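Here the structure is laid out as structure tokens; the discussion comes afterwards.
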Amino acid sequence: QVQLVESGGGLVQAWGSLRLSCAASGRTFSMYAMGWFRLAPGKEREFVAGISRSGSTTDYADSVKGRFTISRDNAKNAAYLQMNSLKPEDTAVYSCAGRLRPRMRSRLDEYDYWGQGTQVTVSS
């Protein structure tokens, strides 16, 4: 199995930027499609972005398109989420997740492994 650890969260002002990282250890990282999800207070966990295991295909929630960019570096066993033009409604705990398939999916139950999450707080 693979272990996932997120980092890079913090407090940022509206319209600022953050870059989240997801470090993977264990089985070969390149075998996993990756996703980022977020959980905000009072809301259900939602899909944010996903990337295929080769990195050639990405997908985004409508709410973050044009602002967030997902990427990965299989040589470094890491995935990233670059978040620009942050809004207060982006405040949430962000978690990365992996699935042992070529393509990413937007459903939570499609993922096999999860990190513990990192808090992102955007102030207005």
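As a basis for the values below, the full set of heavy atoms in this structure was taken, side chains included, without hydrogen atoms, waters or symmetry mates. Everything quoted here is computed from the prediction, not taken from an experiment.
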Let's go through Y111 and M104 carefully: what are the C-alpha distance in whole Å and the side-chain angles of both, what is the deciding distance for side chain to side chain contact (heavy atoms under 4.5 Å, CB included) to 0.1 Å, and is it a yes or a no?
CA-CA 9 Å; Y111 288 80; M104 64 288 178; 3.6 Å; yes
So does R38 pair up with D90, basic N to acidic O under 4.0 Å?
yes
Check: Y60 side chain, I70 main-chain N or O, donor-acceptor pair, under 3.5 Å
yes
Without swapping roles, check the side chain of N74 against the backbone of R53 for a donor-acceptor pair under 3.5 Å.
yes
Value rounded to 0.5 Å, distance of CG in D73 from OG in S30:
11.5 Å
Backbone of T69 reached by a side-chain donor or acceptor of Y80 within 3.5 Å
no
Listed by chain and number, what are the side-chain hydrogen bond (donor to acceptor under 3.5 Å, both in side chains) partners of T121, not counting sequence neighbours?
Q119
Report yes or no: do W114 and Y94 belong to one cluster of Ile/Leu/Val/Met/Phe/Trp/Tyr joined by side chain heavy-atom distances under 4.5 Å?
no
Take atom CD of Q116 as the centre, draw a 6.0 Å sphere, and report whether it contains more than 12 heavy atoms from other residues, nucleotides or ligands.
yes
Determine whether more than 12 heavy atoms belonging to other residues, nucleotides or ligands lie under 6.0 Å from atom CZ of R101.
no
When clusters are formed by joining ILVMFWY residues with side-chain heavy atoms under 4.5 Å apart, either directly or through shared neighbours, do F47 and F68 land in the same one?
no
Treating E6 as the side-chain partner and C96 as the backbone partner, does any N or O pair qualify as donor plus acceptor under 3.5 Å?
yes
Same cluster or not: are L108 and L100 linked, directly or through other Ile, Leu, Val, Met, Phe, Trp or Tyr residues, by side-chain heavy atoms under 4.5 angstrom apart?
no
State whether the side chain of R72 and the backbone N or O of G55 hold a donor-acceptor pair below 3.5 Å, judged by distance alone.
no
Remaining members of V93's ILVMFWY cluster at a side-chain heavy-atom cut-off under 4.5 Å?
none
Linking I/L/V/M/F/W/Y whenever their side-chain heavy atoms sit closer than 4.5 Å, directly or via other members, would M31 and M34 fall into one cluster?
yes
Consider only side-chain heavy atoms of I, L, V, M, F, W and Y, link residues closer than 4.5 Å, and tell whether F37 and V122 are in one cluster.
no
Looking at every heavy atom in both T118 and G9, which two are closest together, and how far apart are they?
OG1-N, 3.2 Å
